[in-house]
Structures are given as structure tokens and as C-alpha cells.
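Note: hydrogens, waters and symmetry copies are ignored here, and every other heavy atom, side chains too, is used. Note on naming: letters A, B, ... go to the chains in the order of the sequence lines (proteins, then strands), and numbering restarts at 1 for each one. Remember, predicted model here, so these are calculated numbers, not experimental data.
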Number of protein chains: 2
Amino acid sequence: MFEHQQNIWLESLQKQGYRITNPLKIIVEIMASSDVILNPTQVFLLAKEKNSNIGLVTIYRSMEKLEQAGLIGRVHMPDGCQSFFHASNGHQHLIICEQCGKAEYFEGDDLNPLFNRTGEQFGYQITDHWLQLFGFCQKCKEINLNRK
Amino acid sequence: MFEHQQNIWLESLQKQGYRITNPLKIIVEIMASSDVILNPTQVFLLAKEKNSNIGLVTIYRSMEKLEQAGLIGRVHMPDGCQSFFHASNGHQHLIICEQCGKAEYFEGDDLNPLFNRTGEQFGYQITDHWLQLFGFCQKCKEINLNRK
DNA sequence: TTGATTGCAAATATTTTGCAGGCAT
DNA sequence: ATGCCTGCAAAATATTTGCAATCAA
């Protein structure tokens, strides 16, 4: 299942002219199967477990490729914006656990009427929008309860 | 008018125990009257015009104070999240020009039902949300038309 | 074979910290 | 007078670039 997803990513990268190297495969494997947002250093540490020789620079360069290819996207949080998550199908919105970074996409109502109305009201031509929810996921809620 | 706003900020800072120094006054003057988002370096350059002796480090430290005091907030953009803008009254949302950084707050519909519904659906306890619109402001639309 | 990709080292860019002197209170 | 705040220099972080060797195509 995850393997399937990885292959889709690798094919996509190959079609776009990138070479499928071992380090890239490892990074794809990590990013395509992660249900939490990850920053370059976190990806680096996970990747080292699979190939102790991999360099942090390769992570940066590969993340850039995956982003260019539309496979991952940068996730902004109140305390930083260097984490990445696999991209969504279509334009969906993110709900993110502020404790563990677990993220999921959700479909919102159609907010375009609000966005267009607001754009007109202020004289802006709207090109994009962000909607994100922050909170505690099921697991982290339980963890926090047990701590008390 | 802007002076009034500045004084409110300075009083608030004083009440919170901060000392009202000349560099802080200059930074408050800039942040309280700016209608565009500004990063520390931009604030530094603007502040230097008023006090050529001011240091970039002071900008960083003062921005932290203003943020702590709830007077400014960090603004996240697709290409960076180191800019600041004066805080809103209540929980409003931002519409930002991606070209010049001009920003304004707007009141949305009440999106809480959507947020709560989504939180329940995924098992998250929602603590916060972000809604931001990006686009081109009136002036930048005109600038771009004239360029063609 | 060829040139894109890698890992290392070094360079940049950004932000934070240590400290002596100055200034608000 | 006290100790918070400032500016400088230096340190710590985060990210990017140069380069020779390697490897996918």
C-alpha cells in the first residue's frame, strides 16, 4: 500500500527527469508514508537509520525536488515553517496536532464565496488561501490526560 | 491618530514592566503605523533612518517584547514566516498582498461550526485556526497592468 | 559514456547570547 | 542607585554552494 504510493512518486519524479537514486528512494519512502509533518533534520535522522551514509545536504536537495514535483508541501506552524507533509489531492485543508505533528487533510465547505466577497471588499485579487486547524489528536489527548 | 496608537502601545508596554527607551519608541512607531508586514531587517532599515545608531539585535529583542505584549504577531507567507504585523482586535483573519506585503484584517463568517465538526470527525480537540487570503492589492494590480 | 546526484567541507544567512556601559525608573 | 536595555562582537543555527567522486540512464 505504502509501496504503491512510493512507486507513484518515483515514477512521477522519473517522468520529470530526476534520477532515481538510493538516497532519493529512501526520502520518498519516508515522506510518502509519514502521517506526521517532518522537518529536514527529522527526515535526516530517519533516513540515517536506513542508510547511515546519507548527508543532510541531500535531504535539503531532495526535499526541494519533491516540492518542485508537487509531491510534498511546506507546512506552517505558529512556531516554525520548515516542516513538510505529503501534498493533498486537490485543494484541501490541514488539521495538525500541535504536539506530535500528526496531520490530515479535510474538505471544507465551499469558502470561495467568502474569499471572493472579501477580496472585492478590500480591492484585492485573490490568488490563494490557507485554512489550517491546530489542536491535539486523539492519541495526544489521551497522553495528556494520563499525565495529570 | 498614529501617535495615539503609539501611546496606547507604549502604555501597555510600560504596564507590563518594560522600560520605554528611545529605540523601543522608534520600533513601536514603525510597527504601529505600518500597513505592510515587515521583517526584522526591514524594521532595522526603517529604524536606522530615525536613529542611525540602532542595532539589529535591538530589533529582534524589541519585536519579541511587542509579540509577548500581544501588540504584534508573526505573519506566515508561502515563502517565509519572519514578518510581523500589528495584532488584530479579537480573532480576525488576514488578507495579504503577495507583492508589497500590504495586509488587512477581515471578519469572516462564523467558521466555528465547520472547525468543530471537522475536529470531531478526526478526533482532534481544536485549539486554534488560521485563515489567510493572498492576492494582489489595488495598487499592485495597477502596477502590474502598467507593466504589461 | 555522460552528466545528474551525492557527501563532504566551507560559505551564507539568520537569529541568539555574553558582556560592559548607558539610561529609565 | 538599581538593574533593565542597548550595541557590539561572537556564537549558535539553519540553509546553500563548490567540488571531486559516484552512479543512473
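- Under a 4.5 Å side-chain heavy-atom criterion applied to ILVMFWY residues, the cluster that includes A:Val57 comprises that residue alone.
- Between A:Phe134 and B:Trp130, the ring planes lie perpendicular to each other; the angle is over 60°, past the 30° to 60° tilted range.
- Considering CG of A:Asp35 and CD of A:Glu104, their distance stands at 7.5 Å, rounded to 0.5 Å.
- Rounded to whole angstrom, the span from the CG atom of B:Asn53 across to the P atom of C:dG22 amounts to 12 Å.
- Across all their heavy atoms, B:Gly80 and A:His76 have their closest contact at O-CE1, 4.4 Å.
- Computed from coordinates, the B:Leu45 CG to C:dT14 P distance equals 12 Å when rounded to whole Å.
- Atom pair A:Glu67:CD and D:dT16:P shows a separation of 10 Å (rounding to whole Å applied).
- In this structure, CD of B:Glu64 is placed 15 Å from C1' of D:dC4, rounded to the nearest angstrom.
- Going from atom NZ of B:Lys50 over to atom P of D:dT6 covers 17 Å, rounded to whole Å.
- Listed here is the closest heavy atom pair of B:Ile95 and A:Gly119: CD1-CA, 4.2 Å.
- Taking the nucleotide of DNA chain C with the nearest heavy atom to each of A:Gly55 and B:Pro40, the more 5' of the two is matched to A:Gly55.
- Remark: B:Tyr60 is not in phosphate contact with C:dT16, judged by side-chain N or O atoms under 4.0 Å from OP1 or OP2.
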Could you list the protein-to-nucleotides 19-25 of chain D atom pairs, N/O on both sides, closer than 3.5 Å?
unit_1	atom_1	unit_2	atom_2	d
D:dA24	N3	A:Arg19	NH1	3.0
D:dA25	OP1	A:Gln14	NE2	3.2
D:dA25	OP1	A:Ile20	N	3.3

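- Side-chain atoms of B:Ser62 lie closest to D:dT6 of the nucleotides D:dT6, D:dC8, C:dT6.
- Atom pair B:Ile27:CD1 and D:dC5:P shows a separation of 12 Å (rounding to whole Å applied).
- Each end of the helix from C:dT1-D:dA25 to C:dT25-D:dA1 gets its own axis from five base pairs, and the two axes differ in direction by 40°, given to 10 degrees.
- With rounding to whole Å, A:Lys25 atom NZ is found 16 Å from C:dA4 atom C1'.
- Considering only residues two or more places apart in sequence or on other chains, B:Cys140 meets the disulfide bond (SG atoms under 2.5 Å apart) condition with none of them.
- Under the side chain to side chain donor-acceptor pair (under 3.5 Å) criterion, A:Gln16 pairs with A:Ser12, not counting sequence neighbours.
- A straight line from CZ of B:Phe44 to P of C:dT16 spans 16 Å, rounded to a whole angstrom.
- Ring geometry for B:His93 versus B:Phe106: interplanar angle of 30 to 60°, hence tilted.
- Identified under the salt bridge (charged side-chain N to carboxylate O under 4.0 Å, His left out) test for residues 128-144 of chain B, with sequence neighbours left out: none.
- With distances taken from any side-chain atom of B:Lys65 to the nucleotides D:dC8, C:dT6, D:dT6, the minimum falls on D:dT6.
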